[in-house]
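A short write-up of the structure that comes next.
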Amino acid sequence: MHKTVDIAIIGAGPAGLTAAVYAGRAGKSVLIFEKESFGGQMNYALNIENYPGILSVSGSELASRMTEQALAVGADTEFGRVVSVEKKNGLFYIRTEDDEFTALSVIASAGVMPGKLGLPYEDELTGYGVSYCAICDGAFYSKKTVIVAGGGNAAADDALVLSDICEKVYIVHRRGEFRAEKSLVDELLKKSNVETVLDVKITELLRKNISGSSSEYFAGIKVRGNSDGIEREIAADGLFVAVGRIPDNSPFVSIADTDDKGYIVSNENGTTSVEGFFTAGDCRAKSIRQITTAVSDGASAALSACEYLRTVKIPGGADL
């Protein structure tokens, strides 16, 4: 059995990394779990221009800086997927796919996952023309035509990235106007190879067969106008889906109260209904999800956890 740590942080996005910095500076032992990449969704942002004190920085660079700071205050890391968290006899048991760890407290900051369109063949076409990450897969569509589905900041960021790679970019949104920040939309509209398709619903994913392959590939979309009901097809080589996010809270379903959308319910300090179990960042039920609000959540949850540890009775037999 591994040594019991003071605080286990599940998810190394801006909320989790900030929590690690605050907890480490308070002298607590910290173990951060991350299943993909330290920095979370920040890594997929081409430029971040609304983080206080920094005029402009790439998402990957800001993620690297935050990770470096967390490690500098003594946080340890464990790379792997957490599958469950349970509390027994005052201790939290964190199980990954390969191991088990114990902690006196837990901060859930697992973030969110890309939302899907929910259309037939979407899963089958993923990797065959359908993608959820423009920075990851955009290079495969050099000089080709692609579609971005969505109207928020993520969709605008994806379209901007792809506009520098692809010959043609359609950005398709179900509303009559974008929800993205005005500065992003203004930049997007300056791109000569970007065409907006607004106030439509994507009704079908078109498929094609390629000679010599047994798999079907994405070929385009069918859309229907929300106000006029007119249908049209848009041919393309790739589709990048950016239609929102869903909370990645499956490891906590047996311990945390969640709302009807699966977000963990807490107060503003990250305190949940379970003593010693805290939450921070995009996986928490709240109305605004930004890097700055995630950082705030992380600081609050860490301070709440430290306060809890000052009053909690150490379970007998715990290997500290």
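Residues Asp257 and Ser273 bring a donor and an acceptor atom of their side chains to less than 3.5 Å of each other.
Between Phe218 and Tyr121, a ring centre-to-centre spacing not shorter than 6.0 Å is recorded. Between Phe101 and Tyr93, the distance separating the two ring centers is not shorter than 6.0 angstrom.
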Is there a salt bridge (Lys or Arg N to Asp or Glu O under 4.0 Å) between Glu100 and Arg95 once you walk through the steps?
CA-CA 4 Å; Glu100 182 178 80; Arg95 294 182 177 86; 2.7 Å; yes
Could you check Asp6 against Ser29 for side chain to side chain donor-acceptor pair (under 3.5 Å), going step by step and ending with a plain yes or no?
CA-CA 5 Å; Asp6 292 324; Ser29 58; 3.2 Å; yes
Residues Glu181, Asn50; criterion side chain to side chain donor-acceptor pair (under 3.5 Å); working and verdict:
CA-CA 11 Å; Glu181 295 175 4; Asn50 57 1; 3.3 Å; yes
Residues Thr77, Glu34; criterion side-chain contact (heavy atoms from CB on, under 4.5 Å); working and verdict:
CA-CA 8 Å; Thr77 61; Glu34 174 54 48; over 6 Å; no
For Val5 and Leu104, what are the C-alpha separation, side-chain angles and deciding distance, and is it a side-chain contact (heavy atoms from CB on, under 4.5 Å)?
CA-CA 6 Å; Val5 296; Leu104 299 179; over 6 Å; no
Could you give me the CA-CA distance, side-chain angles and deciding distance for Lys190 and Glu187, then say whether salt bridge (Lys or Arg N to Asp or Glu O under 4.0 Å) is met?
CA-CA 5 Å; Lys190 292 177 184 176; Glu187 187 177 355; over 6 Å; no
Does Arg175 form a salt bridge (Lys or Arg N to Asp or Glu O under 4.0 Å) with Asp199? I'd like the steps, not just the answer.
CA-CA 4 Å; Arg175 298 181 180 178; Asp199 195 30; over 6 Å; no
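The salt bridge (Lys or Arg N to Asp or Glu O under 4.0 Å) check on Lys144 picks up nothing, with sequence neighbours excluded. Legend: residues meeting side-chain contact (heavy atoms from CB on, under 4.5 Å) with Ser58, ordered by chain and number and at least two apart, are Ser60, Glu61. Partners of Val197 according to the side-chain contact (heavy atoms from CB on, under 4.5 Å) rule, which considers only residues two or more places apart in sequence or in another chain, are Tyr170, Val172, Val200, Arg232, Ile234.
By the criterion of side-chain heavy atoms lying less than 4.5 angstrom apart, applied directly or through intervening Ile, Leu, Val, Met, Phe, Trp or Tyr residues, Tyr263 is not grouped with Val253; the two fall into different hydrophobic clusters. Phe140 is not connected to Ile210 by any chain of hydrophobic side-chain contacts under 4.5 Å among Ile, Leu, Val, Met, Phe, Trp and Tyr, and they are in different clusters. Under the 4.5 Å side-chain heavy-atom criterion for grouping Ile, Leu, Val, Met, Phe, Trp and Tyr, Ile135 is not connected to Val146 through any hydrophobic cluster. Ile165 is not connected to Val130 by any chain of hydrophobic side-chain contacts under 4.5 Å among Ile, Leu, Val, Met, Phe, Trp and Tyr, and they are in different clusters. Val148 and Ile202 fall into different hydrophobic clusters, defined by Ile, Leu, Val, Met, Phe, Trp and Tyr side-chain heavy atoms under 4.5 Å apart, directly or through other members.
A salt bridge links Lys168 and Glu195; the closest N-O separation between the charged side-chain nitrogens and carboxylate oxygens is under 4.0 Å. Between Asp186 and Lys182, at least one side-chain nitrogen of the basic residue sits less than 4.0 Å from a carboxylate oxygen of the acidic one, meeting the salt-bridge criterion.
Asp297 is listed as a side-chain neighbour of Arg284, based on a closest heavy-atom distance under 4.5 Å. Between Thr272 and Phe278, the closest side-chain pair of non-hydrogen atoms is not below 4.5 Å.
Tested against Pro14, the residues Gln41, Met66, Gln290 include a single side-chain contact (heavy atoms from CB on, under 4.5 Å) partner, Met66. Val194 pairs in a side-chain contact (heavy atoms from CB on, under 4.5 Å) with only one of the listed residues (Val169, Leu162, Leu160), which is Val169.
Using cut-offs of 30° and 60° for the angle between ring planes, the Phe178 and His173 rings count as parallel.
Using a distance-only test at 3.5 Å, with no hydrogens or angles considered, a donor-acceptor pair links the side chain of Thr279 to the main chain of Ala108.
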